[in-house]
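Both ligands and their constituent atoms are indexed starting at 1 by order of listing. Everything numeric in this text was worked out from a predicted model, so none of it was measured.
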Amino acid sequence: MPSPASPPVSSPLPQAPGPVGVFDSGYGGLTVLRDVRALLPQYDYLYLGDNARAPYGTRSFELVYQFTLQAVLRLFRLGCHLVILACNTASAKALRSIQQTDLPSVDPSRRVLGVVRPTAEIVGTLTRSRHVGLFATPGTVRSSTYDIEISRLHPDIRLTSLPCPMWVPLVENGEHLGPGADYFVRQPVRELFRLDPLVDTLLLGCTHYPLLLPKLRQFVPREVTIVSQGTYVASSLAAYLRRHPDMEVRLTRGGTARFLTTERPSVFDVASAAFLDQPVTSEHVTLP
Ligand code: DGL
């Protein structure tokens with residue numbers, strides 16, 4: 001595999017089979033990678049966290065698109081034919097443009113998949129009251145991507161969305177389980193159930209948020225289902241690969257995971273321990 005420091009020159013992209021690329025603004029995508037590897041351990045994975053520029057959730061549409069495209073191109077150049085945007089903010093703000101505008105000129109045979117669609121698909125089977133709550137970054141909420149996807153797939157569901165701008169910084173800084181996090185978690189939970197007391201299913205529409213589950217369980221009514229995305233993204237990827245054997249043969253099967261970060265690797269290696277149950281030795285990458 002080429003070194004992550006190789007510059008994005010305009011030479012042809014590698015054609016040999018390669019790992020599945022997994023991208024997130026930071027550590028959150030590791031929650032998706034963990035579940036994807038649990039279901040599909042046979043493939044190789046290349047994770048890229050843009051930790052140095054996280055969080056994305058409060059950034060403009062243009063910046064999230066630009067940063068995400070840079071990461072996707074880097075993963076292509078490092079041999080990935082398939083990239084998962086394991087980040088709702090990037091999926092909401094950049095996926096469509098990358099699929100429709102960039103892929104046709106970069107390489108129409110490569111694929112970029114997001115995490116919003118698999119989550120929107122599954123929610124219809126989970127809610128009985130048809131009242132669903134969504135916690136996500138301000139960028140994801142403002143994009144209305146979940147409203148659009150859910151109303152298209154399940155027009156009878158009423159969705160109430162709340163941005164939680166403090167949750168990603170709490171997680172990225174390892175403060176999410178401390179007593180200081182209580183206020184920032186309790187407040188949006190209260191507000192959501194004030195806005196719609198009939199909510200029986202809560203979507204965590206940010207890949208960082210599963211780390212807050214123990215805290216959320218303290219404040220969310222016991223009978224409410226809290227949905228983390230990882231397992232649904234994993235089963236959706238498995239189904240995609242069954243439907244697309246042409247893509248499946250372009251994935252290497254060594255069972256490995258390699259980690260790239262725009263932060264200092266020593267910082268990433270320590271912080272990623274909260275997200276994965278394996279030690280990580282990451283490599284530094286600069287974007288673009
Ligand atoms: N993990 C990302 C998501 O799923 C957001 C984190 C960020 O704000 O950078 O939305």
Original post:
What do the steps show when you test Tyr45 against Phe259 for ring-ring contact (aromatic ring centres under 6.0 Å, His included), and what is the final call?
Top reply: CA-CA 8 Å; Tyr45 295 90; Phe259 298 88; 9.8 Å; no
Whether [X] side chain and [Y] backbone form a donor-acceptor pair below 3.5 Å:
X: Asp196; Y: Leu198; result: yes
X: Trp167; Y: Leu212; result: no
X: His81; Y: Pro19; result: no

[atom] - nearest protein heavy atom and its distance:
atom: atom 5 (C) of ligand 1; answer: Thr89 OG1, 3.5 Å
atom: atom 8 (O) of ligand 1; answer: Gly57 N, 2.7 Å
atom: atom 6 (C) of ligand 1; answer: Ser25 OG, 3.3 Å
atom: atom 3 (C) of ligand 1; answer: Asn88 N, 3.2 Å

**OP:** Please determine if Arg253 and Glu248 form a salt bridge, counting it only when a charged side-chain N lies under 4.0 Å from a carboxylate O.
**Re:**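 Counted as a salt bridge, because a side-chain N and a carboxylate O are separated by less than 4.0 Å.
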Subject >> Nitrogen or oxygen atoms of Tyr56 and ligand 1 under 3.5 Å apart >> reply: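 Among all N and O atoms of Tyr56, at least one is under 3.5 Å from an N or O of ligand 1.
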Original post:
Heavy-atom contacts under 4.0 Å between Asp24 and ligand 1: side chain, backbone, both, or neither?
Top reply: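 Asp24 to ligand 1: side-chain contact only, backbone stays beyond 4.0 Å.
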**OP:** Between Thr207 and ligand 1, find which residue part has any heavy-atom pair under 4.0 Å and reply side chain, backbone, both or neither.
**Re:**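 The part of Thr207 near ligand 1 is both the backbone and the side chain.
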Original post:
Can you list the ligand 1 atoms lying under 4.0 Å from a non-hydrogen atom of Thr137?
Top reply: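 Listed by number with element: 5 (C), 8 (O), 10 (O).
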Original post:
Can you check side chain to side chain contact (heavy atoms under 4.5 Å, CB included) on Phe219 and Asp182, steps first, answer last?
Top reply: CA-CA 9 Å; Phe219 302 115; Asp182 283 14; 4.0 Å; yes
Original post:
Is it the case that Arg37 and Gln278 place a side-chain donor and acceptor less than 3.5 Å from each other?
Top reply: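 Note: Arg37 and Gln278 side chains meet the donor-acceptor criterion.
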Original post:
Within less than 4.0 angstrom of ligand 1, does Cys87 place any heavy atom?
Top reply: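 In this structure, Cys87 qualifies as a contact of ligand 1 - some heavy atom is under 4.0 Å.
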